[in-house]
There are 2 protein chains.
Amino acid sequence: MEIRQTFARNLRIARQAKGLSQEEVAHRAGIDRTYISSLEREVYSPTIDVVERLAQAMEMDPLDLLRTTPAPT
Amino acid sequence: MEIRQTFARNLRIARQAKGLSQEEVAHRAGIDRTYISSLEREVYSPTIDVVERLAQAMEMDPLDLLRTTPAPT
DNA sequence: TTGTGACTTGTAGTCCGTT
DNA sequence: CAACGGACTACAAGTCACA
């Protein structure tokens, strides 16, 4: 399983779990809304800097966005 | 602590712990030798694809290259 | 609210070399 | 063996209009 795919899935799931729109996350992370959309669709492989910014925007550990097995609460 | 810095340190430490040269890791991962050098010096923020390839080349979990606290064996 | 295409810009990543 | 420079190419990063 590619890490890019894992990230894409985790991003979407975590975002929805927190009840946030792509636009809201984009705003908080200082990233364009359509770019977030692209990441969730696996168009790009993000840099670790972007992963970190997205994690901060969603108040979570960057590693949890890359983990194959989602961490339970 | 920036994730880029964490990655840079972990990469160098893990590589040296396995007794590998930058060139050897580069060869195994199919990545340029000078780029590995740059990553260890925090010049660039790698994509998660590169992180994955480097981890595979060193036979370790990609997450361990990004973890603040290095995982024990 | 999200997906998508077309686009520009910046940097990731390569390849040559020298120190 | 590694740091570092310059010149280059590939693709991530970021913007916009529209369905």
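Just so it is clear: chains get the letters A, B, ... in the order the sequence lines come, proteins before strands, and each one is counted from 1. Worth knowing before you read on, the calculation uses all heavy atoms, side chains too, and leaves out hydrogens, waters and symmetry mates.
- Within the 4.0 Å cut-off from OP1 or OP2 of C:dG3, at least one side-chain nitrogen or oxygen of A:R12 is found.
- Note: A:L39 CG to A:R4 CZ = 9.5 Å, rounded to the nearest 0.5 Å.
- The CD-C1' distance, from A:Q22 to D:dG14, rounds to 15 Å in whole Å.
- With rounding to whole Å, B:E23 atom CD is found 13 Å from C:dC15 atom P.
- Atom CG in B:D32 sits about 13 Å away from atom C1' in D:dA2, given to the nearest Å.
- The B:R33 side chain lies nearest to C:dG17 when the options are C:dA12, C:dG17, C:dG3.
- Side-chain to base pairing of B:T34 with C:dC15: one donor and one acceptor N or O lie within less than 3.5 Å of each other.
- Remark: P of C:dA12 and CG of A:D49 are 7 Å apart, rounded to the nearest angstrom.
- No engagement by A:G30 is indicated, since no non-hydrogen atom pair under 4.0 Å with the nucleic acid exists.
- Between atom OG1 of residue B:T6 and atom CD of residue B:E42 there is a gap of 8.5 Å, rounded to the nearest 0.5 Å.
- Rounded to whole Å, atom C1' of D:dG14 lies 9 Å from atom OH of A:Y44.
- If you take CD of B:E24 and P of D:dA2, they are 11 Å apart, rounded to a whole angstrom.
- Counting any heavy atom pair closer than 4.0 Å across all strands shown, B:R53 reaches no nucleic acid atom.
- At the phosphate of C:dG3, OP1 or OP2 sits under 4.0 Å from a side-chain N or O atom of A:S37.
- Between B:R15 and A:I31, the residue anchored closer to the 5' end of DNA chain D is B:R15, taking for each the nucleotide with the nearest heavy atom.
- Sparse packing is recorded around CD of B:E23, with 12 or fewer heavy atoms of other residues, nucleotides or ligands lying under 6.0 Å away.
- Considering only side-chain atoms of A:S21, the nucleotide from C:dT2, D:dG14, C:dG3 that sits closest is C:dT2.
- Cluster membership check: A:L63 does not share its hydrophobic cluster with B:I13, using side-chain heavy-atom separations under 4.5 Å among Ile, Leu, Val, Met, Phe, Trp and Tyr.
- Atom CG of A:L39 and atom C1' of C:dT2 are 14 Å apart (whole Å).
- The two atoms that bring A:Q22 and A:R15 nearest to each other are N-NH1, 3.4 Å, heavy atoms only.
- The distance from atom CD of A:Q16 to atom P of C:dT1 is 13 Å, rounded to the nearest whole Å.
- Across all strands shown, C:dT1 has no partner, as no Watson-Crick or G-U wobble contact with both distances under 3.5 Å is found.
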